[in-house]
Amino acid sequence: MNIDFLTATFKDFENIPDYDIAQRADYFYEFLNHMKSRGHMNYRLKNVSGTNATLNINIADQKKEYVSFVSSDYLGFTQHPKVKQAAIEGIEKYGTGTGATPLIGGYFDYHYALEKTIANFFGRKEDEAVIYTTGYTANSATLQILMHKEDLAILDMAVHASVHEGCAFTNKKTFPHNNLEALEHILKISENTYRTKLVVVDGVYSQDGDTSRLNEIYDLVKKYNAYLMVDDVHGVGILGETGRGTIEQAGLLDKVDFITGTFSKTFGNLGGFVITNKKIASFLKFQSRQQIFSATAPPSSLGIVKAIDLIDEEPIWRERLWNNINYFKKGLDDLGLDTGVTCSAIIPVKIGDQNKMWDIGRILIENGVYTNPIMYPAVARKDARIRMSVTARHEKEHLDRTLNVFDDINKKMHIAKKQ
């Protein structure tokens with residue numbers, strides 16, 4: 001089988017017919033070397049400094065500082081002194097790990113504090129939260145134990161990969177992104193067919209930065225006696241009057257059946273959570289395989305507790321973030337670049353042509369700007385883009401520097417919507 005390296009994506013090497021493990025790996029390694037030779041390897045670069053508005057990166061044994069748009073540390077809490085101090089104090093008191101799963105001895109009072117704090121953050125009681133060691137497993141492990149062959153998961157096509165993985169053992173239908181007519185059609189024809197029907201959407205979608213039509217989706221879900229799960233990893237701490245995310249915006253904090261999220265973005269640490277009613281939460285704690293067979297979060301998670309408190313204690317960080325989002329997006333729009341329908345800290349510059357996208361990513365790196373070129377299957381094959389995440393830690397000079405590079409790129413490559 002011959003794969004055209006000029007048009008290939010990582011997905012093309014996932015399962016090549018008649019190629020065994022070693023053959024697939026060999027062929028993919030050849031492709032990676034091809035990408036490196038063209039300066040297109042903007043992935044797995046070696047950072048030698050902490051997450052921040054700038055990163056020191058080692059590329060080809062050359063260390064250099066880059067303006068960074070690759071982090072989802074939206075409020076900059078990985079570098080907040082109070083968050084770091086809380087994590088340090090956790091380690092000093094408890095050590096570096098738990099040594100056990102939560103079911104058989106790895107459940108500590110700081111886990112209880114984290115459950116209580118994240119539940120209270122959403123206006124829920126402490127026994128309505130379940131914490132996981134990653135946001136990915138908060139989705140995948142929860143869905144795997146709740147949804148089986150008798151059930152139906154109904155997914156917006158743009159939901160995260162962790163949701164799709166979680167639905168591997170159940171029936172699954174997808175509807176075009178935010179298409180409520182298609183969603184209602186699936187709900188209607190499935191109304192009396194499956195034991196459980198669960199609709200899963202994102203609050204903020206990770207590639208376009210747009211939001212779900214949550215109020216309308218909620219009404220449809222309840223009309224057809226289904227459950228609703230909202231994965232709001234990119235909304236929590238950023239959107240909503242008090243930073244409770246897209247669900248707060250929609251006025252549904254006390255109504256959505258499952259709120260899932262991560263501690264690795266706004267809260268500057270590692271882990272995930274599920275908010276649901278106390279009986280389902282208890283079911284997950286004793287039935288979810290990740291709860292039974294995986295060691296639980298380390299003592300440094302006390303930094304998360306402090307980060308959650310800071311959403312209310314220091315609203316200045318959300319203000320700074322939104323000032324940066326509005327400034328940067330306006331600058332890109334003024335250049336005529338296509339930023340799509342984003343209304344969050346995720347700002348794409350849509351390119352379309354994959355080869356052009358690779359070259360733009362290379363030029364950005366060469367000019368000291370680190371971004372993520374995004375291709376299929378994360379987006380449609382003809383919808384390649386440069387994806388950027390804005391943070392509260394960015395300074396105006398970082399944003400202006402990046403806008404100037406995009407301006408130069410546009411003059412050479414004509415990537416604006418209208419020239």
Legend entry - Heavy-atom pair of closest approach, residues Phe267 and Ala307: O-CB, 3.5 Å

Find out whether [X] and [Y] are in side-chain contact, i.e. whether some heavy atom of one side chain is under 4.5 Å from a heavy atom of the other.
X      : Y      : value
Met41  : Leu32  : yes
Val201 : Phe175 : yes
Thr246 : Val204 : yes
Tyr205 : His177 : yes

Distance only, no hydrogens: is a donor on one side chain within 3.5 Å (strictly under) of an acceptor on the other, for [X] and [Y]?
X      : Y      : value
Asn47  : Tyr66  : no
Lys11  : Tyr376 : no
Thr391 : Asp73  : no
Asn324 : His398 : no
Asn42  : Asn372 : no
Asp109 : Tyr94  : yes
Thr242 : Glu248 : yes
Glu115 : Tyr110 : no
Glu314 : His80  : yes
Thr101 : Gln291 : no

Inset, instruction - For the pair Asp353 and Arg385, find out whether any cationic side-chain nitrogen is under 4.0 Å from an anionic carboxylate oxygen. - result: no

Legend entry - Residues Lys412, Asp408: salt bridge by 4.0 Å N-O rule: no

Legend entry - Sole candidate of Ile304, Leu310, Leu302 that passes side chain to side chain contact (heavy atoms under 4.5 Å, CB included) when paired with Val83: Leu310

Inset, instruction - Step through it carefully: locate the ring centre of Phe273, locate the ring centre of Phe122, and say whether they are under 6.0 Å apart. - result: yes

Legend entry - Parallel, tilted or perpendicular: rings of Phe31 and Phe28 (30°, 60°): tilted

Legend entry - Ring geometry between Tyr136 and His160 (parallel below 30°, tilted from 30 to 60°, perpendicular above 60°): perpendicular

